Amino acid sequence: MPPAALSVHLSIGQAYAWSVFKAPLESSLDISGTLSALPFQLGIVMLGLSAAFGGTLVERNGPRWAMTVALVCFSSGFLLSALGAYTGQYWLIVLGYGFVGGIGLGIGYISPVSTLIKWFPDRPGMATGIAIMGFGGGALIASPWSTRMLESFGSDSSGIATAFLVHGLVYALFMSLGVLLIRVPRPAEGGAAEDATAGVGGVQVSARDAVRTPQFWLLWLVLVMNVTAGIGILEKAAPMITDFFAGSSTPVSVSAAAGFVALLSAANMAGRIGWSSTSDLIGRKNVYRVYLGVGALMYLLIALFGDASKPLFVLCALVILSFYGGGFATIPAYLKDLFGTYQVGAIHGRLLTAWSTAGVLGPLIVNWIADRQQEAGKEGPELYGTSLFIMIGLLVVGFVANELVRPVHAKYHVKEGVHVPEPA
Amino acid sequence: MSPNPPEGAGRRGLIALSWLWVGAPLAYGLYELVRKATQLFTG
């Protein structure tokens, strides 16, 4: 099952490599940088919306149906974009990659989650970590691959169209492995016994009821805070390390800053599988204590001593990014513990709206503050001081939210396939 | 939800092939990542 899940996540993870197409699109179609980012932004919005609203359909129709929908949408998105680039109709690229492809991202992201948990009920953290690690790995593959393709086909509209066409066809073929192999375990296989797939204490909660519980919204807050803190570093990684050591005896070059960004991607990916698997051993609540508590400590070290030592700065940033990835990968297992596997895919889909929120919040905080500090005549590490302390505050809020998570009240439990609410 | 899964050697072959299917492009991505990341220390 892991390769089936990986084939989908490694494909849709291409979304984070969209920036490769930005400059060629801007020059060939004469559009602004803001406009060239639109397909990616719409894609991420559609990811959140389709995961939130399509989660129940995924649970009802099964993982093979979901992966088929993801394959068709994600690949057709590229094919529509190829047509748009070839005819010079940019709106077709926005519609194709952003809207249609974005639906593929959302459905594809949640498609293997509940199935993997059913296959590995004793190690749900490791199971979902493998798949969600694939989403991080997707950009690592797509970024150099797409760059080479544009070098071969050319960066004019015809070359971009050919590259989009090849992407659509290759990803359709690659994702077909997932469609062919994925299946839910039979009762005799894996550990799919009812008690093993239930949450802690044999709990099963429907998606409709889960969003009415405080636990869901506390985890939503935890995810927003953890993701915002990670994006705080990711968004400004290259200029940040350059500014921090601009006045030192060992300034950071452009290529070294690019190397730092690549290293952060590796930490993000390693954190997804590493920390998520660790959560199977130390528990979900404890691992989030580490993400949020130690994460805040890492930010504090950067704020206080970051400019004094490059290794310390790099190490702290790597740890923060590993927590960022770990936070994404561990959340489905945390949901399984609290709500069981009954509709965990649908609940996970609804929780991903936290990702969309953090995607707006994180860059907004860091960029807005850095701009204000620059206007005030500050430079170097001073540009980021306020942002770093805001990130610490956000992580503390997330830490408190995690501490408040308790087992779900019995009135929300599903009993024998029928929801029987108890009197309040 | 699917036909009976293959058994024995066929099953092992299918597992190896499916890991190769996802492992090969991932190895390529990791190789490119390491190449780029070393610039932090050499660039």
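For the numbers below, each heavy atom of this structure counts, side chains included, while hydrogens, waters and symmetry mates do not. Below, read A as the first sequence line, B as the second, and so on, with proteins coming before strands; counting in each chain starts at 1. Bear in mind the structure is a predicted one, so any value in this text is a computation, not a measurement.
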Item to check | Which portion of A:Leu10 sits near chain B, non-hydrogen atoms under 4.5 angstrom | outcome: side chain
Item to check | Heavy atoms from other residues, nucleotides or ligands near CH2 of A:Trp18 exceed 12 (cutoff 6.0 Å) | outcome: yes
Checklist outcome for this item: Expected contact set for residues 141-148 of chain A against chain B at heavy-atom separation under 4.5 Å reads A:Ile141, A:Pro144, A:Trp145, A:Arg148
Next on the checklist: Ignoring hydrogens, what is the shortest heavy-atom contact between A:Pro3 and B:Val22? Give both atom names and the distance.
Outcome noted: O-CG1, 3.5 Å
Checklist entry - Is it the backbone or the side chain of A:Leu6 that comes under 4.5 Å from a heavy atom of chain B, or both, or neither? => result both
Item to check | Student check: side-chain heavy atoms of A:Leu263 and B:Leu33 closer than 4.5 Å | outcome: no
Checklist entry - Does any pair with a residue in residues 307-322 of chain A pass salt bridge (charged side-chain N to carboxylate O under 4.0 Å, His left out), and if so which ones, sequence neighbours excluded? => result none
Item to check | Spatial distance of atom CG (A:Leu181) from atom CD1 (B:Ile15) [nearest 0.5 Å] | outcome: 9.5 Å
Checklist entry - Tell me, side chain or backbone of A:Val314 under 4.5 Å from chain B's heavy atoms, or both, or neither? => result side chain
Checklist outcome for this item: Closest heavy-atom pair, A:Leu173 versus B:Trp21, reported as atoms and distance to 0.1 Å, is O-CZ2, 3.5 Å
Checklist entry - Mind checking what makes ring-ring contact (aromatic ring centres under 6.0 Å, His included) contact with A:Phe260, not counting sequence neighbours? => result A:Phe313
Next on the checklist: So, using side chain to side chain donor-acceptor pair (under 3.5 Å) as the criterion, who are the partners of A:Arg60 when residues are at least two apart?
Outcome noted: none
Checklist entry - Is the count of non-hydrogen atoms from other residues, nucleotides or ligands lying under 6.0 Å from B:Tyr28 atom OH greater than 12? => result yes
Item to check | Spatial distance of atom CE (A:Met269) from atom CG (B:Leu26) [nearest 0.5 Å] | outcome: 5.0 Å
